[in-house]
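The structure appears right after this line, and notes come after that.
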Amino acid sequence: MTQEIRLRFAPSPTGYFHVGGARTALYNWLIAKKQGGSFILRIDDTDELRNRQEWTDGIIAALDWLGIDFDEGPYFQSQRKDRYFQQAREFYEKGLAYYCNCTRDQIDERAKMRGGQPGYDGFCRDRALSSEPGYALRFKVPPGDTVVNDVVRGTVTFANSTIEDFILLKGNGAALYVLANFVDDVDLKISHVIRAEEHLPTTPKAVLLYEALGVQSPIFAHLPVLVNEKRVKLSKRRDRVAVEDFRDQGFLPEAMVNYLALLGWSPGDDLEFLDRQELIDLFDLSKVSKSPAFFDVVKMKHFNKHYMASLNVNDFIGRCLGVLEANSWWTGDESQMASFHVIAPFVQERIALLDEVVEMVDFLFTDSVLLEVEQYNFSDIDLDVLSKFLVKIEGEDNFTRDRLEEHFRSLGEDLGLALRKLQAPIRLSLTGKKVGPPLFVAMEILGKERSLNRIRNAVASRH
RNA sequence: GGCCCCAUCGUCUAGAGGCCCAGGACAUCACCCUCUCAAGGUGGAGACACGGGUUCGAAUCCCGUUGGGGCUGCCA
């Protein structure tokens with residue numbers, strides 16, 4: 001009898017969606033796909049004070065952008081309060097839970113007198129309090145040990161004596177995380193719970209709940225946390241690691257997915273660049289590493305450059321449109337599109353991030369990026385190069401990249417100068433920059449008239 | 001403090017007792033190629049935290065130490 005494979009990603013919408021959550025979602029999705037199961041999105045919004053609709057929307061948009069699609073959901077915990085309450089009452093009626101009216105202060109006070117160990121002491125366990133407004137419902141933790149079988153950690157044993165009688169229902173009757181999670185995982189028939197390591201300490205509580213109800217626990221897997229350069233867990237407040245920020249910076253979703261998959265997992269065999277299907281085929285939870293991983297944007301950029309270069313040109317062009325449109329000089333008319341098509345392949349292999357496209361091509365579409373006459377700081381040699389190059393190309397009617405390069409090379413021979421020296425002043429006068437796409441392709445696009453004008457203008461800097 | 005997890009180059013990792021005086025990738029350095037940049041090529045530097053065991057043999061197994069991290073909320 002095989003159990004259905006059902007995995008869920010259950011973020012709480014209390015902030016922007018960061019890369020750690022994205023990786024957790026990805027790993028769940030990967031297993032669901034690999035095993036032909038379902039991937040479910042559940043929004044854990046039981047904390048009414050901190051949840052916001054916009055964060056939920058952001059999570060869904062980011063998952064969509066990454067190509068992590070879900071088969072069911074989103075389900076919202078905020079809509080299942082009655083069910084949690086009902087389940088909690090069942091625990092109470094079976095004598096597995098009890099009401100407690102201790103305040104935090106009283107609990108701390110007693111802990112202090114006991115000798116420092118913080119935590120609840122079971123004060124109300126045998127007081128047989130009944131339900132009243134303001135009373136919390138606590139689970140009666142039995143004696144013994146609780147074992148968590150974890151695919152990445154192995155067997156982890158907790159002494160129940162170190163687990164306090166935890167709260168199921170708050171004084172206002174609302175469910176707490178452990179309860180809501182448990183009920184939903186049972187109701188949704190979740191087979192694998194894959195989440196970050198920070199949840200490991202609460203897992204025995206969930207296991208206790210499964211045991212109390214005689215329900216089989218799902219398979220657990222706790223992933224190593226993602227850390228910042230200081231080696232502490234990535235935080236929404238401290239670290240700028242929002243998925244949407246990376247998207248806006250011009251990262252490609254396929255690059256991000258590939259990089260994220262490798263943060264904490266490796267397929268072996270020195271494999272690095274894996275597409276979605278390869279990821280699905282090779283992914284293996286038992287090979288997930290146990291130690292925290294540093295989220296390295298520099299390395300992700302390398303992945304991005306690779307994926308950028310592998311795009312077919314039309315795809316690349318399509319993805320550039322968004323960043324081009326943010327510039328006033330871009331009209332997107334036929335002429336501009338034609339120019340961009342010509343330069344695109346040369347740009348594509350040079351940039352790591354999508355928005356770098358702007359500085360690579362702006363000179364083709366606007367004069368505003370060119371230097372002012374007084375800003376050129378040409379040497380006599382530079383000026384000599386420019387005027388002699390002008391002479392050579394002024395009479396050229398076939399203004400193509402090949403012809404231009406021939407003139408350029410012959411100029412080098414004439415002057416006995418290295419070509420790298422020659423191109424510098426030409427590029428600067430033509431593009432206003434020291435680096436850029438191949439010069440003669442650029443000139444071909446600019447055309448004879450504009451090219452000559454720009455060089456003449458630069459030469460005019462001589463006084 | 002308590003409970004739990006973790007520990008290979010700066011970073012991500014390969015390594016599941018001999019194939020490892022430890023391999024790959026990013027970053028870094030040098031050189032080559034080259035109209036700039038990028039790409040590519042070649043080469044360099046760079047790690048098994050420490051101490052005990054077990055074993056003919058340990059990065060790999062066990063114990064301890066140290067270090068780091070997570071949790072410790074009527075947050076998730």
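Protein chains get the first letters and strands the later ones, always in sequence-line order, with residue 1 at the start of each.
- Contact annotation for A:R231: backbone-only contact, meaning every heavy-atom pair under 4.0 Å involves sugar-phosphate atoms and none involves a base.
- Annotation: cation-pi geometry not satisfied between A:R138 and A:F166 (NZ/CZ under 6.0 angstrom from ring centroid, within 45° of ring axis).
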**OP:** Apply side-chain contact (heavy atoms from CB on, under 4.5 Å) to A:L63 and A:F9, showing your working.
**Re:** CA-CA 11 Å; A:L63 288 175; A:F9 173 55; 4.3 Å; yes
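- Minimum interatomic distance between A:Y210 and A:V186 (heavy atoms only, all atoms of both residues): CE2-CG2, 3.6 Å.
- Taking only distance into account, the side chain of A:R350 meets the base of B:rC37 through a donor-acceptor pair shorter than 3.5 Å.
- Between A:G268 and A:K299, the residue anchored closer to the 5' end of RNA chain B is A:G268, taking for each the nucleotide with the nearest heavy atom.
- Between A:R104 and B:rG73 there is a side-chain N or O to OP1 or OP2 distance below 4.0 Å.
- Rounded to whole Å, the separation between the C1' atoms of B:rC20 and B:rC48 comes to 10 Å.
- The side-chain tip of A:R319 does not point at the ring of A:F316 from less than 6.0 angstrom away and within 45° of straight on.
- At B:rG69, none of the side-chain N or O atoms of A:K290 fall inside 4.0 Å of OP1 or OP2 (strictly under the cut-off).
- Between A:E272 and A:I167, the residue whose closest nucleotide on RNA chain B is further toward the 5' end is A:E272.
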**OP:** Please report the C-alpha distance between A:R8 and A:F39 in whole Å, then the side-chain angles of each, then the deciding distance to 0.1 Å, and finally whether the side-chain contact (heavy atoms from CB on, under 4.5 Å) criterion is met.
**Re:** CA-CA 6 Å; A:R8 54 36 167 210; A:F39 176 62; over 6 Å; no
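- For the OP1/OP2 pair of B:rA76 and a distance below 4.0 Å, the side-chain nitrogens and oxygens of A:T14 include no atom meeting the criterion.
- Contact annotation: A:T157 side-chain N/O to B:rC4 OP1/OP2 distance is not under 4.0 Å.
- A donor-acceptor contact under 3.5 Å is not formed by the side chain of A:K305 with the base of B:rA38.
- Judged by ring centres under 5.5 Å apart and planes tilted less than 30 degrees, A:H302 fails to stack against the six-membered base ring of B:rA25.
- Nucleic acid contact for A:H199: base, since at least one base atom lies under 4.0 Å from a heavy atom of the residue.
- With B:rU36, B:rA76, B:rC4 as the candidates, the nucleotide lying closest to the side chain of A:V156 is B:rC4.
- Among B:rG1, B:rA38, B:rC6, the nucleotide with an atom closest to any side-chain atom of A:E349 is B:rA38.
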